[in-house]
Amino acid sequence: MIRRALVTAVLVLGLLAIGIYVGGHPSGLPDVIRNPLVGDQDTRAFNRALDTVAETYYVKVPREELADKAIHGMVERLHDPYSRYLNAQEYQQFQHQQAQQFTGVGVAVGSDPKGLRILEVYDGSPAKSAGLQHGDVIVAAGGKSLKGRTQAESVALVKGPDGTPVTLRVARDGDARTVELVRREITVPSVASTVRTYKNTKYAVIRLASFTQDDVSEQLRRAIERTGHRGARGIVLDLRSNPGGLVTQAQYVASEFIKKGDIVTTKGRTVPAHTLEATGSPSAPNIPLVVLVDRNTASAAEIVAGALQDHHRATLVGTRTYGKGVFQQLIMMPDGGALDLTAGQYFTPDGRNLGGAGTKPGSGLKPDVKAADDPKTPKRDEALDAALRTLSAKVK
């Protein structure tokens, strides 16, 4: 009895060892055995290629790295600028970006021939404490001139680990000064608001930076209430350079201004047609409204602007929008990564699709009033002036 049990144990361990080896080296099996065990023809071809490269290539490449590169390559070959594969590390970084967090000095910037032009200074940031302002130009960082560098290269010199110092050279009105700042974790608010006076009347200017956070509509509602208490009689909803984000947040944001009706319809090859309608109780259903857009207004931001335009709820001021007519679906992978794939098209309430052929940008939304900011006048925002002028004409 003991001998039989011992033999059985040895056989089990032997079969387990064989199973582990076969699982890692399925290409060594005869086809008649291998085929039923490792899946269909496409799966077998992929696994065989993976095995062959891992075992034959002149330098050793980890199998998981090969699989990662293979998936990246597969998605890249779709030639779709919106679809991408994120491995586990990249997905963590993606989540960090979606939360609108970064480590730096607390400014939003744009390109400038001399360096980086400051477009916005976030409240409570090191830059705010140092007195940096909209229109200032960062001409050097860490002792290195930013002139002639790309925006990405310049931003990389300004950003850095939490708690580390950085020296910036900042120009304003022809004069330059040096400021010492300490980088820290910055959480960018999705919604920022202020009250502007135009021809003796107060108006709210509410800027939505993105739709990536899941409380954008709540932030917007609070901003509407706050500016309303300060006497604002109309709203400029600034969606310029808003790259979009969550379709549900686009629905909720538009619902703050629309009592009922369609907001957007999505359609895809494997995704059933679905229409998102205005929901809840709007916080500003009747207040005069202007939406400010530009060529970088895209995706969920275009959904909001398109819905408000189609429902004749708002006047669009600015330039044509980006023209993204498709939406993505995020699909989690077993290894902690994710596939962010184009899943279908979206249509405004009037049935308009804003994209071009395939996934190419289209004509976008055409503004009712054309206006553009002049980068040569950093202290003045001509597009916002046009929006306030348009809004003023709507207020009785």
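The chain is numbered in sequence order, starting from 1. Just so it is clear, the values below take in all heavy atoms, side chains as well, and ignore hydrogens, waters and symmetry mates.
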If you define the side chain from C-beta out and look only at heavy atoms, does anything of [X] sit under 4.5 Å from [Y]?
X    : Y    : answer
M333 : L339 : yes
S363 : R320 : yes
P81  : T359 : yes
V139 : L146 : no
E302 : N242 : no
K324 : Y82  : yes
R177 : R172 : yes
L330 : F94  : yes

Check against side chain to side chain contact (heavy atoms under 4.5 Å, CB included), L237 and F257: CA-CA 11 Å; L237 186 65; F257 304 102; 4.0 Å; yes

For [X], I'd like to know if atom [atom1] has over 12 heavy atoms of other residues, nucleotides or ligands within 6.0 Å.
X    : atom1 : answer
K394 : NZ    : yes
E225 : CD    : yes
Q329 : CD    : no
H229 : NE2   : no
R149 : CZ    : yes

Can you hop from [X] to [Y] via hydrophobic side chains spaced under 4.5 Å?
X    : Y    : answer
I287 : L239 : yes
L391 : I224 : no
V326 : L365 : no
V304 : Y346 : yes
Y203 : L289 : no

Electrostatic pair [X]-[Y], nearest N-O below 4.0 angstrom:
X    : Y    : answer
R221 : E256 : yes
D373 : R240 : no
R380 : D385 : yes

Is there any salt bridge (charged side-chain N to carboxylate O under 4.0 Å, His left out) pair reaching into residues 275-290, and which pairs are they, with sequence neighbours excluded? none

Could you check Y57 against L66 for side chain to side chain contact (heavy atoms under 4.5 Å, CB included), going step by step and ending with a plain yes or no? CA-CA 11 Å; Y57 193 58; L66 288 174; over 6 Å; no

Correct closest heavy-atom pair for H274 and L276 would be NE2-CD2, 3.4 Å

What heavy-atom pair brings P243 and S299 nearest, and what distance separates the two atoms? O-CB, 3.5 Å

H79 and R77: CA distance, side-chain angles, deciding distance, side chain to side chain contact (heavy atoms under 4.5 Å, CB included) verdict: CA-CA 5 Å; H79 301 296; R77 291 296 294 175; 4.0 Å; yes

T319 and R295 side chains, donor-acceptor separation under 3.5 Å: no

Can you confirm whether the side chains of T342 and S83 place a donor and an acceptor under 3.5 Å from each other? yes

I'd like to know whether R207 forms a side chain to side chain contact (heavy atoms under 4.5 Å, CB included) with S241, so could you lay out the CA-CA distance, the side-chain angles of the two residues, the decisive distance to 0.1 Å, and finally the verdict. CA-CA 10 Å; R207 172 168 170 73; S241 296; 4.3 Å; yes

